[in-house]
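What follows is a set of notes on a single structure, which appears directly below.
By convention in this document, chain letters (A, B, ...) are assigned in the order of the sequence lines, proteins followed by strands, and residues within each chain are numbered from 1.
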Number of protein chains: 2
Amino acid sequence: MAPRHIHARERLLEAARDVIRAKGFSATSVDDLCRTAGVTKGAFFHHFRSKEDLGVEAARFWSETTSELFANAPYHQPADPFDRLIAYLEFRKVLLAGDVPDFTCLVGTMVQETYDSAPAIRDACNATITSHAMTLVADIRAAMEACGVTGTTAESLALHTQAVLQGAFIMAKARGSAEIAADTIDHLIRYIRLLFNKPAREEIPQ
Amino acid sequence: MAPRHIHARERLLEAARDVIRAKGFSATSVDDLCRTAGVTKGAFFHHFRSKEDLGVEAARFWSETTSELFANAPYHQPADPFDRLIAYLEFRKVLLAGDVPDFTCLVGTMVQETYDSAPAIRDACNATITSHAMTLVADIRAAMEACGVTGTTAESLALHTQAVLQGAFIMAKARGSAEIAADTIDHLIRYIRLLFNKPAREEIPQ
DNA sequence: CCAAACATACCAACTAGTCGGTATATTTCC
DNA sequence: GGAAATATACCGACTAGTTGGTATGTTTGG
């Protein structure tokens, strides 16, 4: 059985992940989190110095869990780095399932509200986004070299993919549907195919 | 002289525009807004039924003021619709001046926090983003026809530009700098140039 | 036994929103 | 024209409930 002393902390981090994605950081109260996690306030402040501290830890928790998800995802299978990059973006489309709070990004949501008032949270969110982007750099660089792509850098393109994904989530929130998010990822895929001079079989819309 | 009875309302909407972009909607209290606008709570609730109502009106106010800004902007000058589209995106880069709260988007920020809890605000934000995107459609469609671009629609591409801009703002908030935003708009410009088969003179990075 | 992991009770500050009242226009009616 | 009626814009003290956080217990596992 799982050790009891991990329960409250982990349940609070999972509650934060779910509630903050739906309501935002400020609108999520400590009581909200305790209620959702099924723990008391004493437990909360035993594990976290403050609500801001929980925000930082939630960003780190998000980084850990998503890292694991992406590390074990099937998009690494293709032999060619360019194909792996496209497979990554197709995988991001597959992840657009369920309700909007289920597929949107915790740290993207949090950083919007905290970038000016809680630098610690902003830094943790930035580290999460950046480190995920950096997992793409090796493949992008290899593909760029193989295809002779110039005019930008692998790091810049990796960060651009994350910007597009974050923007896709905002549009999905505004429209209340994942459709627009998939559509904007398709534009990103089309960009990368054009940039690497590897267009899809047909450029006809579905 | 300006009629007295407009002051409080407009000053509150301007305060909302500035404060909410920096702190987010939830973290902005009614007292915050009154203090910033230099009005009393009585005036606030005279002009707005609730804080949520203020959010809706702030989105509409944002829509009005930005519409005016873009309508009077110089990017409409080029004779060719494709050139106008590129000029629009270059203009968006020019707007990336000042601190992060100065150039980011009010409705993109608000919709993140309210899409699930305040449908009225979400709808107002969505209407603002969509209507701005639609101002691009005529030029995009004309350029697509002139260049024989297929595989997507003018509406889809217009919404994609807004998604990229919203994502650029999130990245700027995370990194605390406009640089990444300009960088991601450059990727968008590169995409559109490739899609319309009109690459820049040189594909060399700056 | 003892420290870590909780639970309970509580607090001061803040929250959105209310309410009775005032000052100043504007309209109405003769 | 001018007094009365009415509408608009605003004020600021007040309230009921919520907020993040604390102080002081009790339980539990090794």
A:His46 vs C:dC6: side-chain N/O to OP1/OP2 distance below 4.0 Å
no

Separation of A:His47 NE2 from A:His7 NE2 (nearest 0.5 Å):
11.0 Å

Measure NE2/B:His47 against P/D:dC11 and give the value in whole Å, please.
9 Å

Using atom CZ of A:Phe48 as one end and atom P of C:dC6 as the other, report the distance to the nearest whole Å.
11 Å

What's the CG-C1' distance between B:Leu12 and D:dC10, to the nearest Å?
12 Å

Which is more 5' along DNA chain D, the nucleotide nearest A:Asp32 or the one nearest B:Val39? Just name the residue.
B:Val39

Taking atom types as modelled, is there a side-chain donor on A:Arg84 or A:Tyr75 under 3.5 Å from an acceptor on the other?
no

How many whole angstroms separate atom CZ of B:Arg11 from atom C1' of D:dC10?
13 Å

Report the distance from atom NE2 of B:His7 to atom P of C:dA25, rounded to the nearest whole Å.
14 Å

Would a line drawn from the ring center of B:Tyr88 to the ring center of B:His132 be shorter than 6.0 Å?
yes

Please determine if A:Lys23 forms a cation-pi arrangement with B:Tyr115, meaning its NZ or CZ atom is less than 6.0 Å from the six-membered ring centre and no more than 45° off the ring axis.
no

Can you check nucleotides 20-24 of chain D for protein contacts, nitrogen or oxygen pairs under 3.5 Å, and list what you find?
from   : atom 1 : to      : atom 2 : distance (Å)
D:dG20 : OP1    : A:Lys51 : NZ     : 3.3
D:dG20 : OP2    : A:Val30 : N      : 2.8
D:dG20 : N7     : A:Lys41 : NZ     : 2.9
D:dG20 : O6     : A:Lys41 : NZ     : 3.3
D:dG21 : OP2    : A:Lys51 : N      : 2.8
D:dG21 : N7     : A:Lys41 : NZ     : 3.3
D:dG21 : O6     : A:Lys41 : NZ     : 2.7

Test salt bridge (Lys or Arg N to Asp or Glu O under 4.0 Å) applied to A:Arg17 - qualifying residues, sequence neighbours left out:
none

Sequence neighbours excluded, every pair satisfying side chain to side chain donor-acceptor pair (under 3.5 Å) that has a member inside residues 171-183 of chain B
A:Gln112-B:Lys173, A:Thr130-B:Arg175, A:Ser156-B:Asp183, B:Thr109-B:Lys173

